[in-house]
Amino acid sequence: MCGFIGIMFDYPTERTEEDKESFKKQNNLITHRGPDDEGYYFDPYISFGFRRLSIIDIESGIQPLSYNDERIWLVFNGEIYNYIEIREKLLEEGYEFQTDSDTEVIAALFAKLKEGAFQYLRGMFSILIWDKQAEKLYGARDPFGIKPLFYHENDQGIVFASEKKSITLMMEKEEVNKEALQQYLSFQYVPEPMTMTVGIQKVEPGHYFTKKPGEPIEFTRYWHATFQPVLREKQDWIKKIQEVMYDSVKVHMRSDVPVGSFLSGGIDSTLIVSIAKEFNPGIKTFSVGFEREGYSEIDVAKETADKLNVENISYMISPEEYVESLPTIMWHMDDPLADPACVPLYFVSREARKYVTVVLSGEGSDELFGGYNIYREPESLKVFNSIPTPVKDLLARVSAILPEGVKGKSFLERGTTPLRERYIGNAKMFEEDEKQSLLKCYNKQISYQQVTSKLFDQVSHYPAVNQMQYVDIHTWMRGDILLKADRVTMANSLELRVPFLDKEVFRVASEIPVDLKIANGTTKNILREAARGIIPDHVLDRKKLGFPVPIRHWLKNELNGWAKQLIRESETDHLLYKDYVLELLEAHCQGKGDYSRKIWTVLMFMLWHQNFVEKKMDINKLPSVEKQLVKS
């Protein structure tokens with residue numbers, strides 16, 4: 001596990017010592033991703049910088065790594081879980097290895113297959129490979145987007161990095177991408193491949209690229225998430241799910257350092273811990289919560305840990321330390337993210353790092369197995385399928401004139417609006433008319449449907465639930481779930497592994513018919529059946545909570561003064577109508593509606609703007625090494 005930065009020049013370039021020192025500063029800005037080691041490679045076209053967090057024996061995984069008599073140079077962030085199997089096959093074919101690392105296996109597989117190698121990798125990764133003889137740069141990002149990869153093109157060439165801040169350090173200023181801001185206000189994150197910074201984008205998951213000096217970068221998709229239901233007996237599905245989950249958890253536990261696991265009160269983390277315990281009976285588990293009633297799963301997690309006979313270490317977060325941590329967390333995020341759950345995830349990562357270097361977590365289960373409550377919506381709205389179009393049009397007009405809050409209004413709106421026009425993923429913050437009232441730079445030519453329409457076009461033949469899963473995998477999961485998971489764990493130099501987001505697990509999940517996922521009035525029904533007898537019974541039918549955060553209450557009380565001060569001090573007057581935000585906050589405090597998530601979305605953008613555009617971040621809250629770099 002590591003972080004890296006790479007520069008490819010469009011023409012042969014000699015780096016001075018000053019240039020190299022500047023490059024090393026960019027690399028050291030992500031020391032939290034790899035505090036154990038650093039390495040560099042320079043040639044006339046390429047600069048590679050690398051930071052390493054030691055998971056497998058450090059001597060065997062030093063990067064940048066060279067292969068094939070230094071023809072190939074590679075930097076790699078992630079873990080390849082089938083590298084042992086690939087290595088054995090390559091040895092049989094005569095390939096030689098100097099180390100036992102998965103990094104050298106990637107290099108050898110690339111030497112054999114070039115860009116065809118990426119589709120055989122089972123794991124999480126972002127990779128840069130320089131073929132010195134062919135003078136060609138290759139790169140790739142894992143199928144689901146677990147590991148990040150940013151890039152920026154300028155008049156000298158192209159820059160790649162594991163975190164955006166390594167790139168912005170070399171830019172004169174960080175300019176807000178107004179299209180990204182407009183989309184962020186709907187999604188609560190910036191949809192990929194955009195970022196909030198003009199000129200910086202992300203390599204999309206499941207894609208590789210090639211780049212020759214002086215020529216355009218070319219992207220190719222090597223993996224695509226598809227759903228192809230297969231008819232099997234229910235017991236056959238249960239057996240397949242159990243087998244693939246045991247296999248995935250087993251390979252995800254390969255490590256030379258201690259491996260722990262996050263544990264909430266839900267089925268996903270409990271299933272992972274229950275399986276992991278069979279391979280490591282002494283596994284430690286970690287949980288967090290809040291003192292306010294209804295906003296903590298610590299008690300359930302402890303009950304689960306007791307029944308599984310594993311140790312559980314928990315931490316209770318106060319409103320004060322929650323808000324104190326926000327500038328640091330937003331610095332690590334690179335882009336604004338308005339998911340309040342990123343903060344408890346930061347604290348549980350901090351606690352886990354005191355005991356282990358690697359943790360397992362349950363991200364991806366909901367998207368693959370149909371776990372979100374909104375996936376039940378097509379079933380609840382199926383009555384509208386038999387209503388004639390003229391009648392539906394009439395009901396739509398009725399719903400439009402009903403006052404907000406009237407019972408049945410939302411039901412009529414959803415039932416008379418096609419799925420592709422109403423669904424943008426698990427969270428929708430501001431509607432287009434609301435953004436027009438909030439944004440001074442609102443562009444009528446841009447709407448959130450520009451992000452989702454192309455996705456719906458690709459799966460228009462799918463059942464509605466599969467369409468929603470597909471949209472979430474390509475938006476919400478990579479833009480929110482995996483973004484916060486990577487950033488807050490890496491902020492604490494902790495490696496996160498997600499056994500559900502494994503190509504073999506997805507292969508099984510993608511074939512399960514919808515009526516087995518959404519059944520018996522619940523979600524993830526077939527996964528629950530597969531977990532029965534493996535996890536404690538009290539977890540099976542609990543209502544999903546996730547990481548609940550009491551911001552609805554806090555914005556009225558503990559955090560109200562902080563919120564008002566942030567709004568007034570934020571230098572975003574040229575972008576936002578602040579009076580609209582203050583009115584929304586006042587309406588929330590008066591109980592006229594729950595506007596907490598919308599308010600939070602604006603506040604997190606303002607906090608990001610303070611950090612990266614206004615440069616007002618309290619750098620004393622950063623780790624000491626990185627603090628000095630930001631100061632300079």
With side chain to side chain contact (heavy atoms under 4.5 Å, CB included) as the test, would you mind laying out the steps for N154 and V159 before giving the verdict?
-> CA-CA 8 Å; N154 55 35; V159 186; 4.2 Å; yes
Geometric cation-pi criterion K20 and Y40, 6.0 Å radius, 45° cone | no
Least distance between heavy atoms, Y423 atom then I374 atom | CE1-CD1, 3.6 Å
Do E614 and H609 have side-chain N/O donor and acceptor atoms under 3.5 Å apart?
-> yes
For the residue pair F118 and Y208, categorise the inter-ring angle as parallel (less than 30°), tilted (30 to 60°) or perpendicular (more than 60°).
-> tilted
Rounded to the nearest 0.5 Å, how far does CG of L555 lie from OG of S596?
-> 6.5 Å
Would you mind reporting whether V288 and I317 have side-chain heavy atoms less than 4.5 Å apart?
-> yes
K211 with D10: basic N within carboxylate O range, under 4.0 Å | yes
Side chains of Q449 and S447: is there a donor and an acceptor less than 3.5 Å apart?
-> no
Roughly how far, to the nearest 0.5 Å, is CG of L368 from CG of D268?
-> 10.5 Å
Using atom types as modelled and distance alone, determine if a side-chain donor or acceptor of S162 lies under 3.5 Å from a backbone N or O of F4.
-> yes
Is the backbone N or O of E431 less than 3.5 Å from a side-chain atom of E434, with the two atoms forming a donor-acceptor pair by type?
-> yes
Salt bridge or not for E569 and K616, using N-O below 4.0 Å?
-> no
Between D486 and the options R478, R497, K147, the salt bridge (charged side-chain N to carboxylate O under 4.0 Å, His left out) test singles out K147
Side-chain ion pair, E377 and R422, N-O less than 4.0 Å = yes
Under 6.0 Å between ring centres, would you say that holds for Y322 and W554?
-> yes
Going by heavy atoms in the side chains, are E363 and F500 under 4.5 Å from each other?
-> no
Would you please say whether a donor-acceptor pair under 3.5 Å links the side chains of Q469 and N466?
-> yes
Specify the closest pair of heavy atoms between L585 and A563, including all atoms of both residues, with the distance to one decimal.
-> CD2-CB, 4.2 Å
Taking atom types as modelled and ignoring hydrogens, do the side chains of K136 and T210 form a donor-acceptor contact shorter than 3.5 angstrom?
-> no
Assess whether side chain to side chain contact (heavy atoms under 4.5 Å, CB included) is satisfied between M171 and H152, documenting all intermediate values.
-> CA-CA 10 Å; M171 300 170 69; H152 164 67; 4.2 Å; yes
CD1 on I30 to NE2 on H332, rounded to 0.5 Å = 12.0 Å
Counting N and O atoms only, with roles assigned by atom type, does the side chain of N611 sit under 3.5 Å from a partner on the main chain of P327, one being a donor and the other an acceptor?
-> yes
Going by atom types only, do R15 and S47 share a side-chain donor-acceptor pair under 3.5 Å?
-> yes
Min side-chain heavy-atom separation D472-Y375 under 4.5 Å | yes
Search all heavy atoms of D155 against all heavy atoms of Y11 and return the closest pair with its distance.
-> O-CE2, 4.4 Å
Between S318 (side chain) and E321 (backbone), is there a donor-acceptor pair under 3.5 Å?
-> yes
Do F50 and L128 touch side chain to side chain, with heavy atoms closer than 4.5 Å?
-> no
Check whether any side-chain heavy atom of E432 lies under 4.5 Å from a side-chain heavy atom of K435, and answer yes or no.
-> yes
Any donor-acceptor N or O pair under 3.5 Å, side chains S349, N492 = no
Find out whether R51 and N28 are in side-chain contact, i.e. whether some heavy atom of one side chain is under 4.5 Å from a heavy atom of the other.
-> yes
Could you give the distance from CG (L74) to CD1 (I127), rounded to the nearest 0.5 Å?
-> 6.5 Å
Looking at Q450 and I446, what are the two nearest heavy atoms and their distance?
-> OE1-CA, 3.1 Å
Distance only, no hydrogens: is a donor on one side chain within 3.5 Å (strictly under) of an acceptor on the other, for E179 and N443?
-> no
Heavy-atom neighbours of K503 NZ exceed 12 at 6.0 Å = yes
How long is the gap from OH on Y595 to CD on E583, to the nearest 0.5 Å?
-> 11.5 Å
Carboxylate-amine/guanidinium contact D457 R420, below 4.0 Å | yes
Apply side chain to side chain contact (heavy atoms under 4.5 Å, CB included) to K556 and N560, showing your working.
-> CA-CA 5 Å; K556 294 180 181 180; N560 184 264; 5.8 Å; no
Is the backbone N or O of T195 less than 3.5 Å from a side-chain atom of K202, with the two atoms forming a donor-acceptor pair by type?
-> no
Chi angles and distances behind the salt bridge (Lys or Arg N to Asp or Glu O under 4.0 Å) call for K165, D334 = CA-CA 6 Å; K165 59 182 65 67; D334 271 334; 2.9 Å; yes
Y442 and D433: side-chain donor and acceptor closer than 3.5 Å?
-> no
Measure up the F23 and F42 rings against each other and bin them: parallel (under 30°), tilted (30 to 60°), perpendicular (over 60°).
-> perpendicular
Polar side-chain atom of S570 near backbone of L566 as donor-acceptor pair, under 3.5 Å | no
Report yes or no: does H207 contribute a side-chain atom to a donor-acceptor pair with the main-chain N or O of P205 at less than 3.5 Å?
-> yes
Kindly indicate whether the side chain of H574, heavy atoms from C-beta on, has any atom under 4.5 Å from the side chain of K440.
-> no
Mark yes or no for whether Q201, through its side chain, and Y151, through its backbone, hold a donor-acceptor pair below 3.5 Å.
-> no
Has the side chain of S269 got a donor or acceptor atom that lies under 3.5 Å from a matching backbone atom of S264?
-> yes
Side-chain donor or acceptor of S186 paired with backbone N/O of M429 under 3.5 Å | no
Decide yes or no on side chain to side chain contact (heavy atoms under 4.5 Å, CB included) for W476 and E367, but give the supporting numbers first.
-> CA-CA 9 Å; W476 166 263; E367 289 81 5; 3.3 Å; yes
With a 4.5 Å limit on heavy-atom distance, are the side chains of I567 and L603 in contact?
-> yes
Which heavy-atom pair separates A491 from Y346 by the least distance, and what is that distance?
-> CB-CE1, 4.1 Å
Check: W608 ring centre within less than 6.0 Å of Y184 ring centre = no
Measure up the Y470 and H224 rings against each other and bin them: parallel (under 30°), tilted (30 to 60°), perpendicular (over 60°).
-> perpendicular
Heavy-atom count around K615 NZ within 6.0 Å, excluding the residue itself: above 12?
-> yes
Side chains of E174 and T197: donor-acceptor distance under 3.5 Å anywhere?
-> yes
Output the distance between atom CD (E495) and atom CD (E79), rounded to the nearest 0.5 Å.
-> 4.0 Å
Heavy-atom pair with the smallest gap, counting every atom of C441 and L181 | SG-CD2, 4.4 Å
